[in-house]
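I have placed the structure first, in the form of structure tokens, so that the comments after it can refer back to it.
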Amino acid sequence: MYLRLWLILAALPAAFAQAPKNPFAQDPNAPENGRTVFRIYCEPCHGIHGQGGRGPDLTRGNYSNGTRDEDLYRIVANGIPGTAMNGFGGELGDDNVWRVVSYLRTIATRNTEPMKGNAAAGEKLFRGKGGCANCHIVDGRGGRLGPELSKIGPQHTVAYLREAILEPNKDISSGYSTVTIVKRDGTKITGIERGLDNFSVQLMDSSDNYYSFLKRDLSSIQEESRSLMPNSYGRLFTPAELDDLLAYLVSLGARETKP
Amino acid sequence: MKRLALLFALLTAAFAATIVTDEHLRKAQSDPSTWLTYGKNYFGWRYSEIDEINTQNVQRLAPRWIFQTGVGGSHETTPLVFGGMMFITGPSNNGDAIDVLTGRQLWHYHKAPPPNLSMCCGEMNRGFAALGDKLFKVNIEATLIALDARTGAVLWERQIADPKKGFTATGVPLVVKNKILVGIAGAEFGTRGFVDAYDPNTGERIWRFYTVPGHGEPGSETWAGDSGERGGGSTWITGTYDSELNLTYWGTGNPGPGMDGDVRAGDNLYTCSLVALDVDTGKLKWYYQFTPHDTHDWDAVADPILIDMTVKGRKVQAVAQANRNGFFYALDRTNGKLLVAKPYSKLDWATGIGADGRPIMVPGKDPSEEGNLACPTLGGAHNWSATAYSPQTGLFYVGSKDGCDIYYKTHQQYREGQWYQASTSDVAPADKRVGGVLAIDPTTGDTRWRYDMVSPQSAGMLATAGGLVFTGDGQGYVVAMDARTGKPLWHFQTGGGIIAPPITYTLNGKQQIAIAAGSSILTFALPEGN
């Protein structure tokens with residue numbers, strides 16, 4: 001995979017080797033023009049304000065495939081092979097790609113939020129006092145009940161991550177809502193919803209036991225828009241510990257592209 | 001049943017030569033062994049008289065064969081069945097002939113689509129049409145082609161519009177009076193929609209009806225300045241036909257640009273409308289605009305089903321549609337006058353339809369720079385998927401998508417061939433998008449029953465004299481329901497999401513059900529020997 005990526009990069013036009021500059025860098029209208037383009041072409045995946053959705057949050061300014069202007073140009077123009085990010089260079093033309101880059105620079109402000117905590121201390125909390133690793137896998141280690149967090153860093157803002165820890169019910173990741181089923185004999189099972197269709201339901205309980213039922217064999221199915229994650233971390237952690245944990249989460253999956 | 005068998009024997013002989021005549025098409029409803037057009041009959045009913053599979057035995061329905069197309073992408077085909085073969089299309093300019101007895105491939109058609117096409121929604125295709133010994137389909141790059149039904153050989157190909165301007169084609173042609181009628185897509189690129197008629201032997205165009213009037217023509221006054229030149233009004237779903245009135249009915253899509261109505265003040269005729277056209281000339285007989293000056297992308301292309309019924313004690317020749325804007329409508333199909341209008345899904349943009357046939361608007365529902373909530377969603381309360389009407393129950397069957405969106409607009413400069421929607425929509429916060437299968441009484445618009453589904457319903461419908469409605473769901477189940485109550489009586493997991501409608505036909509006298517799911521075509525029948 002990496003070999004193929006490098007081959008593609010090597011095949012890029014020679015112009016890219018010369019680190020092109022944004023010709024609209026000094027144009028005060030470029031961000032607004034870029035915003036118009038963004039709302040039409042980029043919004044479906046990155047959200048109307050670039051806050052992320054199906055695609056990554058672009059307001060952090062911490063892009064996983066390079067952070068220089070020419071990196072952003074390359075990504076918008078050519079896409080990222082092997083991902084859902086298509087290239088838009090042919091459709092938009094050079095000028096509009098650069099205007100989008102100008103716009104992205106104006107929304108990438110939240111990465112300036114200073115990280116007060118210590119990531120190493122945060123990892124200890126993650127695997128120790130917080131019990132986070134009981135339910136979340138990071139780098140191959142951890143429980144299965146919650147979403148894997150190995151690459152969570154670039155995907156969300158610090159504010160979002162803070163909120164996700166303190167108020168886990170506010171925005172539940174797809175596939176991690178809670179469901180309680182009651183069998184005909186009265187047995188009740190609660191777990192995260194691993195599947196739900198018109199005729200069946202699948203769930204995994206807090207001991208990682210997997211269940212699948214046909215709806216006709218159940219007396220009730222209760223879907224709840226709440227997370228199985230405890231909502232007590234605001235009390236468990238001191239503010240300093242919370243900062244440490246956030247520093248650790250933000251560090252996960254963040255990597256710089258070598259020029 | 002004996003009469004059915006006799007009819008079957010006669011028709012088997014008639015179709016042995018793989019020939020579809022004008023008379024076959026006009027009498028398609030009475031032939032159980034074939035499925036010859038998009039909607040089964042010219043009225044678009046998707047109803048079959050076959051009752052072998054019924055509410056008492058459908059639980060025993062079992063798969064007969066599965067054909068893997070080997071093509072990725074959304075399969076939306078309505079299969080045609082005649083002459084011992086099934087004809088299906090796939091996305092990206094693919095098509096197959098399949099032996100209807102065994103499911104074996106007989107021939108395959110493919111033409112690689114040109115790269116970098118400007119299109120809104122993928123390279124899908126919804127099926128073949130047939131006449132004589134030819135099949136007709138559109139290709140995504142806005143061409144119409146004729147194939148030899150027995151070999152798949154290309155007989156002719158005709159460019160119907162310029163793909164560089166953003167035109168694409170996805171719908172099933174409608175064969176009427178030895179003409180091939182086709183619609184077009186591309187309203188998201190500032191194109192100007194139309195319905196065309198072509199000669200089946202030469203591919204020459206016979207007439208064209210533009211869905212947006214030209215400068216100075218009646219209706220052009222409903223467009224500010226020259227905005228109608230980029231006015232949209234696609235015709236991407238197949239119309240229906242009334243031979244007695246000599247009219248064909250086509251729904252039209254959104255105006256362009258979709259979200260920014262400021263640049264096109266006026267009603268924007270004939271977008272988001274139903275148009276009744278003279279089949280011989282393509283001239284407009286009447287129109288009805290469901291959503292004047294639409295700003296939510298609520299195309300009016302869903303099946304216009306023709307129903308003769310009694311409304312308030314009066315017998316009427318009606319045309320019915322479950323519109324994307326959330327209202328179910330029935331119109332007098334002789335003159336376009338409104339008979340019935342009633343919401344069938346959550347909507348908040350109008351409080352009703354007035355006596356003048358215009359919606360009574362709720363102010364403040366247009367898209368804005370900051371975003372504005374409106375219901376239904378941009379995809380609509382019902383998008384395009386095939387609907388059905390059963391004369392046995394008198395009910396109209398439709399899949400619903402219930403939800404709301406935040407609608408945005410922006411000012412956008414038009415550039416030929418470029419996306420020209422002038423902004424977009426986003427999922428409304430905390431909006432739980434659900435769906436259902438609905439049975440609507442077309443004489444009142446009342447929903448008689450609703451079967452709730454866990455996600456918006458996208459598959460098409462089939463009604464049968466066995467008292468059943470067949471459909472599918474996004475999770476891959478093909479489902480049979482009691483047409484009178486909505487109770488699901490049978491389901492089968494196909495392994496691929498379903499968008500296409502089911503069809504039915506007899507093979508050696510036994511009823512078959514066929515449907516596209518994922519990248520496969522599956523057929524079902526009752527087990528032999530029972």
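Note on naming: letters A, B, ... go to the chains in the order of the sequence lines (proteins, then strands), and numbering restarts at 1 for each one.
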State the [atom1]-[atom2] distance between [X] and [Y], to the nearest 0.5 angstrom.
| X | Y | atom1 | atom2 | result |
| --- | --- | --- | --- | --- |
| A/L92 | B/Q418 | CG | CD | 7.0 Å |
| B/M453 | A/D197 | CE | CG | 10.0 Å |
| B/T410 | A/F38 | OG1 | CZ | 12.5 Å |

Could you tell me which non-hydrogen atom of [X] sits nearest to which non-hydrogen atom of [Y], and how far apart they are?
| X | Y | answer |
| --- | --- | --- |
| B/D452 | A/N198 | O-OD1, 4.2 Å |
| A/R39 | B/T424 | O-CG2, 3.6 Å |
| A/K215 | B/V454 | NZ-CG1, 3.7 Å |

Heavy-atom count check: over 12 atoms from other residues, nucleotides or ligands less than 6.0 Å from [X] [atom1]?
| X | atom1 | value |
| --- | --- | --- |
| B/Q59 | CD | yes |
| B/K165 | NZ | no |
| A/R216 | CZ | no |
| B/K164 | NZ | no |

TODO: Specify whether B/H491 and A/F199 have parallel, tilted or perpendicular ring planes, treating 30° as the upper limit for parallel and 60° as the lower limit for perpendicular.
DONE: parallel
Could you tell me which portion of [X] (side chain, backbone, both or neither) has an atom closer than 4.5 angstrom to a non-hydrogen atom of chain A?
| X | answer |
| --- | --- |
| B/Y451 | side chain |
| B/S425 | backbone |
| B/D426 | both |
| B/E188 | neither |
| B/V427 | neither |

TODO: Go through the atoms of A/N96 and report whether side chain, backbone, both or neither lie under 4.5 Å from a heavy atom of chain B.
DONE: side chain
Task: Residue, of B/Q412, B/M259, B/Q421, that accumulates the most heavy atom pairs under 4.5 Å with chain A - done: B/Q412
